[in-house]
Amino acid sequence: QVQLVESGGGLVQPGGSLRLTCVASGRTSSSTTVGWFRQSPGEEREFVAAIFRRGSSTHYADAVKGRFTISRDSAKNAVFLQMNSLKPEDTAVYYCAADNSLILSSIRNGGNYDYWGQGTQVTVSS
């Protein structure tokens with residue numbers, strides 16, 4: 001089992017920045033992939049970013065590429081999502097997800113992740 005706790009959401013003006021944190025506990029390993037997903041009311045959950053297997057590679061949705069950065073601190077079992085140049089369309093609940101057995105081709109599909117956090121609200125508005 002893996003437990004995930006997100007933090008760092010809030011209200012920010014367009015163009016501003018936020019950093020989300022996901023702290024994992026339980027059975028994590030060098031094979032653990034951590035992803036960030038988001039969901040707005042009435043919309044499907046969508047992939048945002050992922051760090052594959054303890055940082056061997058990072059991956060982004062086209063909508064956030066160049067603005068968001070995913071990183072991890074293995075010593076703290078934490079994964080961060082630095083979000084810059086935020087836009088109103090980034091408003092959503094952001095979820096951290098983890099899985100210990102993903103292959104690279106499956107990391108963008110939330111249905112492949114076994115463990116999820118409770119979510120943190122990000123609102124971009126003036």
Side-chain angles (χ1 to χ4, degrees):
Q1 290 284 340
V2 177
Q3 294 79 42
L4 304 170
V5 178
E6 302 104 329
S7 61
L11 172 64
V12 63
Q13 292 186 341
S17 298
L18 281 175
R19 188 175 86 153
L20 305 184
T21 300
C22 173
V23 177
S25 59
R27 296 189 63 183
T28 61
S29 71
S30 59
S31 297
T32 302
T33 293
V34 177
W36 286 96
F37 293 79
R38 66 187 182 186
Q39 188 167 23
S40 305
E43 301 289 333
E44 297 281 321
R45 180 178 61 197
E46 64 174 349
F47 170 78
V48 176
I51 190 160
F52 182 61
R53 294 189 181 178
R54 284 266 172 106
S56 66
S57 60
T58 57
H59 306 267
Y60 299 92
D62 288 343
V64 307
K65 200 172 293 183
R67 300 187 297 124
F68 291 11
T69 302
I70 189 170
S71 62
R72 75 195 305 162
D73 183 338
S74 296
K76 297 180 180 179
N77 247 4
V79 172
F80 308 102
L81 185 67
Q82 178 67 42
M83 306 186 295
N84 298 329
S85 302
L86 282 162
K87 305 175 181 180
E89 51 264 43
D90 294 317
T91 295
V93 178
Y94 283 70
Y95 297 91
C96 173
D99 195 275
N100 290 323
S101 60
L102 292 182
I103 59 175
L104 187 56
S105 61
S106 62
I107 65 173
R108 294 173 182 261
N109 184 340
N112 293 324
Y113 289 76
D114 282 342
Y115 307 106
W116 290 83
Q118 81 286 354
T120 185
Q121 176 71 46
V122 171
T123 303
V124 184
S125 174
S126 54

Check: Sequence neighbours excluded, which residues qualify as side-chain contact (heavy atoms from CB on, under 4.5 Å) partners of Ser29?
Finding: Ser31, Thr32, Asn100
Note to self: So, using side-chain contact (heavy atoms from CB on, under 4.5 Å) as the criterion, who are the partners of Ser40 when residues are at least two apart?
What the structure shows: Glu43, Ala92
Check: Linking Ile, Leu, Val, Met, Phe, Trp and Tyr by side-chain heavy atoms under 4.5 Å, what else ends up with Tyr115?
Finding: Val2, Leu4
Margin query: Tell me if the CD atom of Gln118 is crowded by more than 12 foreign heavy atoms within 6.0 Å.
Written below: yes
Checklist line | Straight-line distance of Asp114 CG to Asp99 CG, nearest 0.5 Å | finding: 4.5 Å
Note to self: Please report the interatomic distance CE(Met83) to OH(Tyr94), rounded to the nearest 0.5 Å.
What the structure shows: 5.5 Å
Margin query: Considering only residues two or more places apart or on different chains, which pairs with a residue in residues 49-73 satisfy ring-ring contact (aromatic ring centres under 6.0 Å, His included)?
Written below: none
Checklist line | Summary of ring-ring contact (aromatic ring centres under 6.0 Å, His included) pairs that have at least one residue in residues 8-37, sequence neighbours excluded | finding: Phe37-Phe47, Phe37-Tyr113, Phe37-Trp116
Side-chain donor/acceptor pairs under 3.5 Å, residues 8-28, sequence neighbours excluded:
| unit_1 | atom_1 | unit_2 | atom_2 | d |
| --- | --- | --- | --- | --- |
| Ser17 | OG | Asn84 | OD1 | 2.9 |
| Ser25 | OG | Gln3 | OE1 | 3.3 |
| Thr28 | OG1 | Asn77 | ND2 | 3.3 |

Next item on the list: With sequence neighbours left out, write down each residue that passes side-chain hydrogen bond (donor to acceptor under 3.5 Å, both in side chains) with Thr123, or none if nothing qualifies.
Entry: Gln121
Margin query: Is there a side-chain contact (heavy atoms from CB on, under 4.5 Å) between Arg38 and Leu81? Walk through the geometry before answering.
Written below: CA-CA 12 Å; Arg38 66 187 182 186; Leu81 185 67; over 6 Å; no
Notebook entry, point to check: Is the backbone of Val124 close enough, under 3.5 Å, to the side chain of Thr91 for a donor and an acceptor to pair up by distance?
Noted result: yes
Next item on the list: May I ask you to decide if Ala50's main-chain N or O and Arg108's side chain share a donor-acceptor pair within less than 3.5 Å?
Entry: no
Margin query: Taking salt bridge (Lys or Arg N to Asp or Glu O under 4.0 Å) as the cut-off, I'd like each qualifying pair that reaches into residues 66-89, sequence neighbours left out, listed once.
Written below: Arg67-Asp90
Next item on the list: Keeping to residues at least two apart or across chains, list the disulfide (SG to SG under 2.5 Å) pairs with something in residues 45-92.
Entry: none
Check: Does one hydrophobic cluster hold both Ile107 and Val79, with members joined at side-chain heavy-atom distances below 4.5 Å?
Finding: no
